[in-house]
Structure formats: structure tokens, C-alpha cells
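Since the structure is predicted, the reported quantities are computational estimates derived from the model, not experimental observations.
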Amino acid sequence: MITSQLRFKDDDYSVETDGSLLTFATELQGLKLKPQAVDISEGEQKLPEQISELLTSFDGYKLNDLNNANLMNRVDSKFMLPLSFLPQLLQQLNGHYRVLDINGKRYFSYSNQYLDTPELDLYQAHHNGKLNRYKVRRRRYVDTATEYLEVKLKNNQKRTIKTRIKLTKDNNTNLEGKLDSTAFIEQQTKGQFSDLRVTQHSGYQRIALANEVKAERLTLDFNLWYNTPEGGNKVTLPGFFIAELKQSKKSKNSPFYQLMSKHHVFPTSFSKYCIGCALLYSKSVKANQFKPVLSRLTQLNHLDSLLPVESK
């Protein structure tokens, strides 16, 4: 099935499509992005009733409630876990975290377009372990119909620094009209990357938890999928989820971190963009550094256990 292009009606980014599928409009001024007709998603997948019920028992928070836990400059710790462990995890986290609630909804769909050079220089920098490296993406928050252009820097202190601009209906400027997309990317990457284009479509669903007192956020991402810009090469990863702990400074004095230690599960390196490239372009990109993660993906997508497998 092929999606129609989005037609943007107003500054709220409300959209119309010819069908139920959503895709991005990909014309960013000055960038070599061509509109693509891509089969992005077969629609939102529903959470099992057990998980939905567990989420309703959490205290909720709104987007503008966070101060200490906003964390655009942070350290990240990521954990790969079997999806079957999610109900037990939520039970044990309740009381320690609040869950993002938007109009009564407590899990959300994200769609991304990642940008890279024709030679995949951003991917190669990560694979080769280079610090002061970048990821560039256009992210759509499907449930609120809003989009941002984001640049993430992993600096030489292993901190993640994210900057972004909210895109308007003309796709070229932020809401104040102060900075077009090209200027924003050049500014944030210090002019290192001028020939960027869409190299990957991807998405997932997310539960967003926060502990304002501990100044940390915990995101649980599941139902990951990837596709090439041309479409027709969709990869889905239904058997696991990524838990990402975001802190102002790394501390094991965290309810989630202590729970992971209790279950002998330890952080692992996981880049959604790089894993997507390794899966989509396995015949043309070097992926030696990601083989342990790819092997664990295979394991987790065939796992039928209620407890996480111990990481090595």
C-alpha cells in the first residue's frame, strides 16, 4: 500500500491524507530531499489490555510539567529487554515514576526520517566510535500531529545534547520564522554536513515516564520498524523494547537502574538509526561493531520468557 502526501492546513500541523497511513512531506529548503511515497505504517498497534490497564494506574504528567526532568542535555543508559517483561517492569516502576498523559492517552506513536550524507558519514562516525558525532532527523509526533527537525550531538564527554526547531506548514522555518532548516543544521553541525538526504524511515511506540525529584526520564520504546526511503523493504522488530534512562548526570541511585541491577541486566549501546542502517543496508555497510546487538535482537525476537535474559 502506498501513502499519499500530507497536505498541511495550518500552523497546528493538522493533516489530511487520502487514506489512513501517514508519511512525511520531505521538501526541506536547500536539502536534497525528494518527496517519497512510502508505506510507513499499517496504523497504530494496540497495546495488550494488561499493559494498558497498568498504565492507567500510574499518576500522569503533562508536557509542560517537567523542569528538572526535561533533559535536553543529558547522559543516556539503554537497556534491551524482551517485550514479555514489560508488564512486570511497569508493576515495579509504579509509584516511582509518572507517565505522560495527553488527553487521556498514555502511549504514543513516533515516525522519523533520518538524514545522512550519500556515503552515510553520520552512520560511519558512530560505527567507528567517533565522539562529537551527530544524528539528524525529522520527527513526527503522530498523536499530536507536530513535527520537529532535530540534531543530536554525542560529545567527547559522552553526553547527548539535543537541539530542535518546530517545523511550520511550509517546512522551511521554525514557528518564529527565524531559522530555516538548512541554516539550523549547518549551525548545529558547525557546517560539517551540507549534503544531507533522507536515508531511512523508522518509527516505534513509546511510553514516557518521568521522575521529577530524581531529575530523570525513562522512555520505553517498542514495535520498532524501519524502511528505506523508496519503501518496499520494511523491517519490523516486535519482540523487544528499548528502555532508555535519561539523567542530568549518570547515577545508579535511580529506581529503574536499581531494578535492572536486581535482574542482572546491564546497559548496552543501542542506536536506533545505526541498527536500522545495519538491517536495511546489510550488504553495503560495515556493521562489525553492531554484531552483538544484532545477535541479541535475534534472540529477543524469539524469546518466550517472562524474565529478561542476563546481559553479558
Discussion item. Assess the residue pair Arg138 and Glu147 against the criterion (salt bridge (charged side-chain N to carboxylate O under 4.0 Å, His left out)); give the C-alpha distance rounded to whole Å, side-chain angles, the decisive distance to 0.1 Å, and a yes or no.
Written reply: CA-CA 7 Å; Arg138 181 172 181 160; Glu147 293 191 27; 2.7 Å; yes

Worksheet item: Roughly how far, to the nearest 0.5 Å, is CG of Leu294 from OG of Ser282?
Response: 9.5 Å

Item to complete: Given side-chain contact (heavy atoms from CB on, under 4.5 Å), test Phe193 with Val136 step by step and report yes or no.
Response: CA-CA 10 Å; Phe193 306 101; Val136 181; over 6 Å; no

Worksheet item: If you look at every heavy atom in Ser254 and Tyr97, which pair is closest and at what distance?
Response: OG-OH, 3.5 Å

Worksheet item: Ile102, Tyr110: one ILVMFWY side-chain cluster at the under-4.5 Å cut-off?
Response: yes

Practice prompt. If the plane angle is over 60° it's perpendicular, under 30° parallel, otherwise tilted; pick one for Phe240 and Phe270.
Written response: tilted

Practice prompt. Please round to the nearest 0.5 Å and tell me the distance separating atom NZ of Lys105 and atom CG of Leu55.
Written response: 10.5 Å

Worksheet entry | Non-hydrogen atoms of Ser251 and Tyr257 that approach each other most closely | O-CD1, 4.2 Å

Discussion item. Salt bridge check, Glu216 against Lys246: does any charged N sit closer than 4.0 Å to a carboxylate O?
Written reply: no

Fill in: Electrostatic pair Arg197:Asp116 at N-O distance under 4.0 angstrom
no

Worksheet item: Strictly by modelled atom types, are Tyr134 and Gln188 linked by a side-chain donor-acceptor pair under 3.5 Å?
Response: no

Fill in: Lys/Arg-Asp/Glu bridge criterion (N-O < 4.0 Å) met for Asp59, Arg98
no

Discussion item. Any donor-acceptor pair under 3.5 Å linking the side-chain atoms of Asp195 with those of Thr117?
Written reply: no

Worksheet item: Gln200 side chain to Tyr273 main-chain N or O, any donor-acceptor pair under 3.5 Å?
Response: yes

Worksheet item: Would the His127 and Phe290 ring centres measure less than 6.0 Å apart?
Response: yes

Item to complete: Please answer whether the main-chain N or O of Thr163 pairs with a side-chain N or O of Tyr148 as donor and acceptor at a distance below 3.5 Å.
Response: no

Worksheet item: Who are the side-chain contact (heavy atoms from CB on, under 4.5 Å) partners of Val75, not counting sequence neighbours?
Response: Arg159, Gln247, Lys250

Worksheet item: How long is the span from the OG1 atom in Thr160 to the CG atom in Asn155, to the nearest 0.5 Å?
Response: 8.0 Å

Worksheet item: What residues form a ring pair (Phe, Tyr, Trp, His ring centres under 6.0 Å) with Phe256, not counting sequence neighbours?
Response: Phe79

Item to complete: Using a strict 4.0 Å threshold on nitrogen-to-oxygen distance, state whether Lys78 and Asp76 make a salt bridge.
Response: no

Worksheet item: Taking 4.0 angstrom as the limit, do Lys152 and Glu150 come out as a salt bridge?
Response: no

Worksheet item: Are Tyr281 and Thr228 close enough that a side-chain donor and a side-chain acceptor fall under 3.5 Å?
Response: no

Discussion item. Nearest 0.5 Å, please: how far is CG in Leu167 from CG in Leu149?
Written reply: 5.5 Å

Response to the item:
Note: Asn233 and Asn227 closest approach over all heavy atoms is N-OD1, 3.1 Å

Fill in: Parallel, tilted or perpendicular: rings of Phe222 and Tyr107 (30°, 60°)
tilted

Discussion item. Strictly distance-based, threshold 3.5 Å: is any side-chain N or O of Asn211 a donor or acceptor partner for the main-chain N or O of His96?
Written reply: yes

Practice prompt. Determine the minimum heavy-atom distance between Leu86 and Ile207, stating which atoms define it.
Written response: CD2-CD1, 4.4 Å

Worksheet item: Looking just at side-chain N and O atoms, do Asn112 and Arg139 make a donor-acceptor pair shorter than 3.5 Å?
Response: yes

Worksheet item: So, for His263 and Phe85, is the gap between ring centers shorter than 6.0 Å?
Response: yes

Practice prompt. Would you please test Ser271 and Lys135 for side-chain contact (heavy atoms from CB on, under 4.5 Å) and show each step?
Written response: CA-CA 10 Å; Ser271 163; Lys135 298 292 189 308; 3.7 Å; yes

